[in-house]
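Here is the naming used below: chain letters follow the sequence lines, and residue numbers restart at 1 for every chain.
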Amino acid sequence: MSETKTPEAEKDEPNIRIVEDATCTFCGCVCDDMELTVDLDANRITKAKNACVLGRAWFLQHGIEDHPQAMIEGREVPLEEAMDEAARILHEAKFPITYGLSDSPCEAQRVAVAINDLVRGNIDTTTSVCHGPSGIAFQGVGESTSTLGEVKNRADLVIYWGGNPAESHPRHFTRYTVTPKGRYIPNGKKDRYVVLIDVRKTPSAPVADQLIRVKPGRDFELLWALRALVRGRDIDPDIEEITGVSREVLDELVERMKNCNFGVLFFGMGLTMTRGRHFNSGALLALATDLNKHTHFVAKPVRGHGNVTGADNVVSWQTGYPFGVNFHRGYPRFNPGEYTTVDLLARGDADAALMIATDPASNFPKHAIEHLKKIPVISLDAKPTYTSRQARVAFMVATYGINTGGTVYRMDDVPITLRPAFDSPFPTDEEVLTGIHTRLKKLRANGRKKAA
Amino acid sequence: MAENGTELRIKGGKVYDPANGIDGEVRDVLVRDGRIVDKVSGKARTFDAHGMVVMPGGVDIHCHIAGPKVNLSRKLQPEDHRLDVHPATDVTRSGVGGVTPSTFATGYRYATLGYTAAFDAAVPPLAARHVIEEFHDTPVIDKGFYVLLGNNMFLYDLLKQGRKQDFKDAIAWWVTAARAAGVKLVNAGSDEFWKGRRNENVTDVNEEIDPFDLTPLQATAAFIEAVDELNLPHPTHIHCNNLGHSGNVQTTLDTMKSAEGHRAHIAHIQFHSYAGEPGKRVQTGSEAIIDYINNNENITTDIGMVMFGKATAMTADAPLTWMLRFKDTKWVNADTECESGCGVMPFEYQDTNYTHTMQWAIGLELFLLSQDPWRVMFSTDHPNGASFRTYPRLIRLLMDRGFRSEMMGRVNQKAIKNCLLPQLDREYTLSEIAIITRAAPARALGLVNKGHLGVGADADITIYTDDENRERMFNAPRYVIKAGKPIIEDHEFVDDHIGRFLHTEPEHDPAIEDQIRPFFEDYYSIQFNNYRVDASYLHDHEVIPLRNSGNKKKGNK
Amino acid sequence: MILIPGRSSKQGTSLNAGKLKEEYQTVTSTIEMNESTMRKLGLSAGDRVRLSCATGKVEVECGKPRKDEDLPDGMIFIPYGPSSSELMESDTAGSGMPMSKQMVVDVECLGAN
């Protein structure tokens, strides 16, 4: 790509704007090499150079919808009135919860945590139904990891486990991990060996030199067998019967892992959402750590949403815990299964919900959705969703990375600053949350005065 | 910043302001608009400080309080937070404590020790934005960081090619782009061994690093010279090679000698003052190290003391944490492309353990043998040697011979027999403590308005109740004033404050970007144009002046 | 039978157009099985199918058959969405994560569309 033009330079035609080095926030790859052609009259992006199929849809399908900024029970209201109502709901609730955050920039996430600190609420992110189990595993065993550029520069063995990047993160292979040439990988893909481990042959399979099919729900057994072999222990002779993978394939893989120069294990929700959950992630992280006795080896969860990694970081630096945090006692407490949103809703605990850039009404378990229908919901989203449709207060917000700036963290914790393409008539989620926060502070102060 | 017109009169306290030659003199300290002034109006609010000790706010020259490695440590240790919660008040945010507290708890807890500034010692440029974001959520204290350049591939390529001027310009560019307050080297040259040679480490500082055709010592010397010539306010901040290994005294001496008279700051030198044979028991090497420092004015250092209890190994020196790993304990390694490594691991110093006791004793020995408090400063390399919350206890150990010998009686006796500590009778004075915890770090960092209470200084002031038990005294200041604003009164928080971000901007030829850009496109995974930290992140900030830029208004020694 | 919800490119791109639009709703209510499984169940592409378990039941459409080597026998793939939610058990076994990749469901053929 051209490097001499200054970013955001304008071309001759007054209505077209080129934004260079813009960032796509659709998935956790957070590719920051987009060249966007923006038709400023039509408020549309007409071309997204370097974008993958998902990125193109993300940019090209984004228009400014004719939709109210704010609604209360389906009725259009001024933004201020909706913020008043949202603050009132959160102030009066006994057990307000906040969920989502993974498609908001860090600046908004920070305000969301502040709101919960103030109202003694419960904050959780989409991590809890994504790589939450990996976060739990991390607390138990740690992690040997690296930024994606180090994989590009050094990795000669790349293993994907329970993930299908060709469909979920289309540029993971081509921009970061398989095809790029790196400092010590001068020939790109030719210098790497790629293994895919999955229960089915996914569209990612053609990239791999080897596909290993594990029986559904047997990932933990396979990982544990690999750990044993790496440590020179013997394993169950029925391993093929149990996992679907023969001893010969296992032995060969173990030798390959021990003898590479720089190995990496990427893993997806095929591990975290299935039988074993955090035990699976823990076994994989421990396997990567064990391999460091032989060579340099790293592991990395392939994260989904554009800024889910930012949400992990923000919630961790403000509270000490990555997700599922409860402020009811005036300080943060962490307990997955108790303060995670699926559980809170399914148990019927929450009496108000602030849903930020997320749509639990379309992807949560049925019983959780049923409770959500019974309580006042405040939703912030850039598009109408199942959740916004049933919300008491629904804010339509500008889209991050397209209409607003801010910071997002790539799946490998690298922070990137967004370059917005064109303005939106909708407020940012940071503005809406700040408005709610300011109102809550006033309500609290008034409450204290009354009490005194 | 306090609103215009806010005036304070701190009346009748015993003032310790060594930069201005004031040693316990009873006098008033006057504040207006966030600064120390020589007069205030009759409307000034008065704090009665009779019988109290008044000092400038503390300045921590070496700690790890923000950014990816700290956040990994927070995520890694929920067990460490649960036992030490930090509730919200009407004016402050909540958080959690432990060895690596959440951002809010970090800021408030520094304030409750009387500290008003702290510098994170190890930030990969790629993570600079993350660090600054956390700083916005780290209240009360002012803060800055040193940027890790000691394993930067591009800079090593320049050294290999002998391009000295480009090397200097590139260092300056990186400091400016990352918004750093200084340059940090960590185990120079070790990244290639760790990432590229199956987890090996540098052992001999005179062994060439493949593929750069130079030795770790040559690289270190080149950085020291370039940073000094760039007139950065703080000299190269160096974590020497061979940290923690018996017999590393020679490496540390070689490193200091390689400065050849240029300014250099050796970080947490306690961890680099070990005599004995490699792989064998640690012996004290404190005399050889401190003698060199006492006799060479170009060197400054912070001690990196050890205190018994829970700590966390947290360092860009990834091979070190791997070496320390014991019984498959949980461990984090995090490689940053082209720039750095990182290791994080929970750790506990035990007073029954020979090595740990030796480390504790060597830290104290170095202080007690130091002849120049202006160059030998206080730190625990938080949270590596101990949490910053142990500072009051360590200060008492320096000030109170009786307390020291009582404690020596309770720790590993083999180590006590093998060290010099029992022979050292010195006790630090309050003025010397004010130097090693305030005045000297401020001076070493080029912070002309901090570390003293002269007219024009930042009104960052701590007021302690005078107490013979110095641990109790330094544990809980009665008042803390930040930028002229009372934050703690009668031990309680009365206000919140964001604090300022401090960084520096060395001069350089902007054409160096044309050299860096192609390397970036080949070997980094983000775009060059998205790398530099833009001004929107700075908010309330201050550029620390370069050494030659005229502003020489230092405190009088 | 084992139901495995996951992401697909189409689910991802239709998400951008809007979740309340028809395309997303079609994509997330279409299942995939391999040839043998479909033959065994007497299903062909376009048939309506009812999936049910203790949590709930949902009607979906049967997509084109996948090759036997691509998808194991007895396994059903579906893109995430409202249909998979209807069948998802909310117990997380203390992890916060519902079992959302390996759900045991009954399959009932409702005939051609």
> Any donor and acceptor pair, going by atom type alone, linking the side chain of B:Lys330 with main-chain N or O of A:Gln139 inside 3.5 Å?
Replying inline: yes
>> Taking the side chain as everything from C-beta on, heavy atoms only, tell me whether A:Arg183 gets closer than 4.5 Å to B:Tyr523.
In response: yes
> chain B heavy atoms under 4.5 Å from A:Arg448: which part of the residue, side chain, backbone, both or neither?
Replying inline: side chain
>> Between A:Asp413 and B:Lys69, does any side-chain N to carboxylate O distance fall below 4.0 Å?
In response: no
> So what's closer than 4.5 Å to chain B heavy atoms on A:Phe334: side chain, backbone, both or neither?
Replying inline: both
>> Please give me the minimum heavy-atom distance between A:Ser316 and B:Lys75, naming the atom from each residue.
In response: OG-CG, 3.2 Å
>> Is B:Asp80 in contact with chain A via its backbone, its side chain, both, or neither, using a 4.5 Å heavy-atom distance?
In response: neither
>> For B:Asn529 and A:Glu20, which I'm curious about, is there any donor-acceptor pair between the side chains at under 3.5 Å?
In response: no
>> Checking A:Asn261 against B:Arg197: is there a side-chain donor and acceptor pair closer than 3.5 Å?
In response: no
> With a 4.5 Å limit on heavy-atom distance, are the side chains of B:Asp335 and A:Thr145 in contact?
Replying inline: no
> Given a strict heavy-atom distance threshold of 4.5 Å, which part of B:Asp522 is in contact with chain A: side chain, backbone, both, or neither?
Replying inline: backbone
>> With a 4.5 Å cut-off on side-chain heavy atoms, are B:Val96 and A:Tyr321 touching?
In response: yes
> Is it true that the side chains of A:His294 and B:Asn199 contain a donor and an acceptor less than 3.5 Å apart?
Replying inline: no
> How about B:Ser525 and A:Arg175: do any of their side-chain heavy atoms sit closer than 4.5 Å?
Replying inline: no
>> Can you list the residues of residues 321-329 of chain B that sit under 4.5 Å from chain A, counting heavy atoms only?
In response: B:Trp322, B:Arg325, B:Asp328
> What part of B:Tyr537 is in contact with chain A, defined as an atom under 4.5 angstrom from a non-hydrogen atom: side chain, backbone, both or neither?
Replying inline: side chain
>> Heavy-atom cut-off 4.5 Å, strictly under: side chain, backbone, both or neither for A:Val414 against chain B?
In response: side chain
> Should we count NE2 of B:His541 as having more than 12 external heavy atoms under 6.0 Å?
Replying inline: yes
> Under 3.5 Å, is there a donor-acceptor pair between the B:Asn71 and A:Asn313 side chains?
Replying inline: yes
> How about A:Thr417 and B:Arg129: does a side-chain donor come under 3.5 Å of a side-chain acceptor?
Replying inline: yes
> Is it true that A:Arg154 and B:Glu192 have a side-chain N and a carboxylate O under 4.0 angstrom from each other?
Replying inline: yes
>> Please classify the contact between A:Lys181 and chain B as side chain, backbone, both or neither, with a heavy-atom cut-off of under 4.5 Å.
In response: backbone
> Non-hydrogen atoms of chain A under 4.5 Å away: do they reach the side chain of B:Cys342, the backbone, both or neither?
Replying inline: neither
> Any side-chain donor-acceptor pair under 3.5 Å between A:Gln318 and B:Ser102?
Replying inline: no
>> Within the 3.5 Å criterion, strictly below it, is a donor on A:Thr319 or B:Arg74 matched to an acceptor on the partner's side chain?
In response: no
> Side chain, backbone, both or neither: which part of B:Pro211 has a heavy atom under 4.5 Å from chain A?
Replying inline: side chain
>> If I measure from the heavy atoms of chain A, does B:Pro68 come under 4.5 Å with its side chain, its backbone, both, or neither?
In response: neither
> Hey, does B:Trp331 have a side-chain heavy atom less than 4.5 Å from the side chain of A:Glu143?
Replying inline: no
>> Is A:Phe138 in contact with chain B via its backbone, its side chain, both, or neither, using a 4.5 Å heavy-atom distance?
In response: both
>> Could you tell me if A:Asp117 and B:Ser94 have a donor-acceptor pair between their side chains, going purely by distance under 3.5 Å?
In response: yes
>> Any non-hydrogen side-chain atom of A:Val113 less than 4.5 Å from a side-chain atom of B:Arg93?
In response: yes
> Does any heavy atom of chain B fall under 4.5 Å from the side chain of A:Ala445, the backbone, both, or neither of them?
Replying inline: neither
> Any chance the side chains of A:Ser144 and B:Asn333 put a donor and an acceptor closer than 3.5 Å?
Replying inline: yes
>> Tell me the closest heavy-atom pair linking A:Phe262 and B:Lys195, and the distance in Å.
In response: CD1-O, 3.7 Å
> Which answer fits A:Lys258, side chain, backbone, both or neither, if we ask what part of it has an atom under 4.5 Å from a heavy atom of chain B?
Replying inline: backbone
>> Please classify the contact of B:Tyr524 with chain A as side chain, backbone, both or neither, using a heavy-atom distance under 4.5 Å.
In response: backbone
